[in-house]
Structure formats: C-alpha cells, structure tokens
There are 2 protein chains.
Amino acid sequence: MHSFTEENYLKAIYKLTEQVGSEVSTNAIAEKMSTKAASVTDMLKKLSDKKLINYQKYQGVTLTSKGEKVALSVIRKHRLWEMFLLEKLDFKWDEVHDVAEQLEHINSDKLIEQIDKFLNYPKFDPHGDPIPDANGKIQAQKSKSIAHYIKNDVLVMTGVVDHTTAFLQYLDKTGIALGDEIKIKEVVFFDRSLQITINKKTTVFISNDVAKNILAIKK
Amino acid sequence: MHSFTEENYLKAIYKLTEQVGSEVSTNAIAEKMSTKAASVTDMLKKLSDKKLINYQKYQGVTLTSKGEKVALSVIRKHRLWEMFLLEKLDFKWDEVHDVAEQLEHINSDKLIEQIDKFLNYPKFDPHGDPIPDANGKIQAQKSKSIAHYIKNDVLVMTGVVDHTTAFLQYLDKTGIALGDEIKIKEVVFFDRSLQITINKKTTVFISNDVAKNILAIKK
DNA sequence: AAATAAATTTAGGCTAGTCTAAAAATAATT
DNA sequence: AATTATTTTTAGACTAGCCTAAATTTATTT
Ligand SMILES: [Mn+2]
Ligand SMILES: [Mn+2]
Ligand SMILES: [Mn+2]
Ligand SMILES: [Mn+2]
C-alpha cells in the first residue's frame, strides 16, 4: 500500500491544513516532520504522482480526497490505539502517543475494526480528539480554549492543544483531567492568567499560556 | 534499535538453526526470506559487523547470544500478539499470523509486558508454539508428530509443523484442534496413513503427509 | 586428481528516503 | 522599480535493502 513515510507525510499535511485552513508550505511540512525542505520537495513530487496531493511548484499543497482518506485512516488508527492502550493496558494519557505512532501503520482492516468494537466504538481519544469512523467522518468539535471564556463561566474540559508529555504531566500534577468541570473564578487583567475551580473542589492558578492549551465547552 | 529487516533476518536464522541444529546456509536464509542469495550475503556482513551473528565467508552463520536475544524477543512478541488477536479480537488461528508479522516489530517494552499480563501470561501461542518469557527462556517441547506414534496410542494434540492457512483450515474442516484427544485406531502399512479418533467421538482418515504436520504427546 | 556442479560472494546498479549546497522563484523592503 | 530576504527547488551524494550477472570457492563426480 503506502509506506510508513508516505503515511506520515499525509498525516502531517492533513493536520497542518486543519491549522492553517489553506495550502500548506514546504517549510511547515519540513518543520512538522523534523526533516529538511529539500526532502519534502522530493516527497511532494512522489505524492503528487500518486494523486494523493494537489501540488504545483512554489504554490503549497492540499490533500486530494484520496490523500485525505489515507490521512484520516491513519489518524483513526492512531487514536483508537491510544484509547486501547489507555483503557485496556493501563497506559497513562502521556504515554500513549509514542507507541500509537508505531501502531498507526499496522495494515489490517479486520484488526482495526475489532479494536474499535473491543473498545465499544469510542468517539474521542485520551486527549479529547475525535476518532474518525471507518468512512473517515469526524464528529465536529466546538470546543474553545479556556482563554476565550470569561469570569463565572462553567465549563467541561474536553481536550488539549499541546499534546506533549510535559504538558500532560503538568495537567496531572495540577489536577486537571478530561471531563472535569472548570469554573472561571477570576481573570487577571494584567497577564490574562486564570483562577479556576476544578470539580467544585480545588482552586488553582494557571497562566494564559496554559489556558490557551486547554479546550473546554460551556456546561 | 534494529530495522524490521534485520529483525526478520535474525528470526529466520533462529528458526533455521532450530531446524538444522548447526550453521545455516546463505541459500537457506534466502529461501526463507524470499530473497536472493546476494542480498543475504550483504545482510550477513551487516549483522556480523553489529556482532549479531557469527559469520565467516562460505562457512554459514550462527547467532551470537546478542543476536539470539533479539530473535527471541521478536518471536515472543509475534506469539503474544497472535494470542491477543485470537483471545481478545475473535481472530481464527489461521488469521493471526500475517498481522502478527507486522505487530512483532513494534518497539515498546511496556506494551509487550502489558499484553502479556492482559492475556494472563500464556505459555503457548494459538498454534501450540511456546512463548519465550521476558528473558528469552522457552518452555521445552517434547511433542512429536503423530506419524511417530503407533496403534492404540492415546495422545493430546499440542501443535502443528505446517503453519499455512491452507493446512490450518484443513484441520478445522477435519475437526482437529489444539488440546483434542487423538487415539490412533489404525496405521495403514502400505502408505502410513492413519485412522484416528478425535475426542472419543469422530473417526477420520489422514494421510502420512498430514500426520507429519500434527504434533502431539502421549496422554 | 581433474572435471563438473552447486553454493556463495563480489561487482555494479536500482529505488526510497535522506542530506548539503547552490540555483531559482517569490515575497518583502527600501 | 530595484534590491534584499525568504522560501522553494534542483543537483549531487549518501545509506539501506534489493536485484542480476559474473567471479570465486567449496562440494561432488568421474
Ligand atoms: Mn497522539
Ligand atoms: Mn506515524
Ligand atoms: Mn505465526
Ligand atoms: Mn516479521
């Protein structure tokens, strides 16, 4: 089918497109893939030949529907495997990503459908990201970062923007987890830092930088 | 760590050594890996440089203890994944191998230890092959093919020699499964074909070719 | 012991994916 | 509009793993 490398490029392009909303640049892909722009150009040619991306020299790229289908399948596998590791094998939410990066490339329709069934068809992964269904359909996400809300808003924590181990462990230590109720007690005018109450119990301070990386919806 | 390809070569060398009991030849490896002798020679040089095999031109190869450790780790992962697919995801014993060929290369100590625990530390895989423990230790196997037994022997089916889908499906159709009691009712002198009774119920005929591929021990 | 056959290695070449350095195109400034 | 800076592509080279064809070594026959 497609090589691991091709799959990773397609996934990177998909995610960058999600972020910027339009064509993604060679440099952005290079950054995301931790590689050099020259290597990206080589790969773009190949993916273009295979009709997986729309590519014209110097003009950036978008995924074709064929390429998007591949990307969504890889993302589906990644998120289902993360859920499996968390739910069935006692991994923590900061441990699942690296292993899922490997498992997402395993090629077996039956395997992934059975994992989905085994987990009882979860809609979101351990970080609150939606899991595409077998047709690539994704549940729409209306969460916003808690930096967008105001004093006295009562929210439900639904996800994170930053997926690094460091950030996830910081949230663990601070006692913020997916599904928690978060009430905005105070917004400090000076630096936009927040005082929030978690599950009506503990109250903590978080910086605006942290707030921007926590997603929530109004309760 | 080691590439998928290196791991597959080491596994092949391990299994061939098991079969022949001494140095394995370039051609034997080429056959097993479905590749050409010249490619094998290239790889043998690389594995030798990495101290994973003992290799001298024209003299065949054996694994070093370092190489054997890698091979056993891959085999452990392969067999645990097969067991996982069978036990948790409703795969049949003739469906597990191909997916396990991919999963055996996933690199995560925690993952494989958790899978082992999740399965309650199985000692044998779906085909009756022993699963090495985390230190590479393997349960000794004293089974012999049922072609070695004689009239009126009462046996327990413990494994297969041939692991192909075709053979496994033939056993399914014939009603022979791991753990079944097999009684040798008759050995046909002319062609060494057998009449056997399965679980004291059904009686079937099998050729000597088939018999050689079914492993069993005396009850 | 020579001759022949079989197994193995070497030589040279190919693709996928990567890199650095240089050239070309596009974007931003003056 | 011209210059400068940035981005992107090309050119050429490298490694891993594979191939075919030819050379070499080892094994088997005569
Ligand atoms: Mn992830
Ligand atoms: Mn990946
Ligand atoms: Mn197998
Ligand atoms: Mn393998």
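Because the structure is predicted, anything quoted here is derived from the model rather than measured. Protein chains get the first letters and strands the later ones, always in sequence-line order, with residue 1 at the start of each. The figures here come from the full heavy-atom set of this structure, side chains too, leaving out hydrogens, waters and symmetry mates.
Arg76(A) is linked by a side chain to side chain donor-acceptor pair (under 3.5 Å) to Glu113(A), Asp116(A), counting only residues two or more places apart in sequence or in another chain. In this structure His105(A) satisfies the side chain to side chain donor-acceptor pair (under 3.5 Å) test together with Glu7(A), Asn8(A), sequence neighbours excluded. Residues satisfying the side chain to side chain contact (heavy atoms under 4.5 Å, CB included) criterion with Phe124(A), sequence neighbours excluded, are Pro130(A), Gln139(A), Gln141(A). When the side chain to side chain contact (heavy atoms under 4.5 Å, CB included) test is applied to Asp191(B), the partners found at least two apart in sequence or on another chain are Val188(B), Ser193(B). Applying the side chain to side chain contact (heavy atoms under 4.5 Å, CB included) criterion to Lys92(A), with sequence neighbours excluded, gives Asp94(A), Glu95(A). Residues that satisfy the salt bridge (Lys or Arg N to Asp or Glu O under 4.0 Å) test with Lys212(A), not counting sequence neighbours, are Asp209(A).
The interatomic distance linking Lys45(B) (NZ) with dT8(C) (C1') rounds to 11 Å, in whole Å. Counting to the nearest Å, the P atom of dT7(D) and the CD atom of Gln59(A) are 15 Å from each other. Between the P atom of dA16(C) and the CD atom of Glu7(A) lies a distance of 16 Å, rounded to the nearest Å. As rounded to whole Å, 13 Å separates atom C1' of dA27(C) from atom OH of Tyr58(A). In this structure, the CZ atom of Phe4(B) is 18 Å from the C1' atom of dC18(D), given to the nearest Å.
Contacts classified as side-chain hydrogen bond (donor to acceptor under 3.5 Å, both in side chains) and involving residues 48-71 of chain B (residues at least two apart or in different chains) are given here: Glu6(B)-Lys50(B), Asn54(B)-Thr62(B). Counting only residues at least two apart or on different chains, the salt bridge (Lys or Arg N to Asp or Glu O under 4.0 Å) pairs with a member in residues 117-131 of chain A are Arg79(A)-Asp125(A).
Listed pair Asn27(A) / dT6(D) fails the phosphate criterion, with no side-chain N or O lying under 4.0 Å from OP1 or OP2. Checking the phosphate oxygens (OP1, OP2) of dT9(C), a side-chain nitrogen or oxygen of Thr26(B) falls inside 4.0 Å.
Summarising the local packing, NZ of Lys110(A) is surrounded by more than 12 heavy atoms from other residues, nucleotides or ligands at distances under 6.0 Å.
Sorted by residue number, the members of residues 49-57 of chain B with any non-hydrogen atom under 4.0 Å from DNA chain C read Tyr55(B), Lys57(B). Shown for residues 67-74 of chain B: no residue has heavy atoms falling under 4.0 angstrom of DNA chain D.
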Scan the side chains in residues 13-32 of chain B for donor-acceptor partners under 3.5 Å anywhere in the protein, sequence neighbours excluded, and list what turns up.
residue, atom, partner, partner atom, Å
Thr17(B), OG1, Ile13(B), O, 2.6
Ser25(B), OG, Ala28(B), N, 3.0

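The shortest distance between side-chain heavy atoms of Leu47(B) and Val61(B) does not fall below 4.5 Å.
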Restricting to nitrogen or oxygen on both sides, can you table the protein-nucleotides 18-22 of chain C pairs closer than 3.5 Å?
residue, atom, partner, partner atom, Å
dT18(C), OP2, Tyr9(A), OH, 3.4
dT18(C), O4, Asp42(A), OD2, 3.4
dC19(C), OP2, Thr35(A), OG1, 2.5
dC19(C), OP2, Lys36(A), N, 3.1
dC19(C), OP2, Ser39(A), OG, 2.8
dT20(C), OP2, Lys36(A), NZ, 3.0

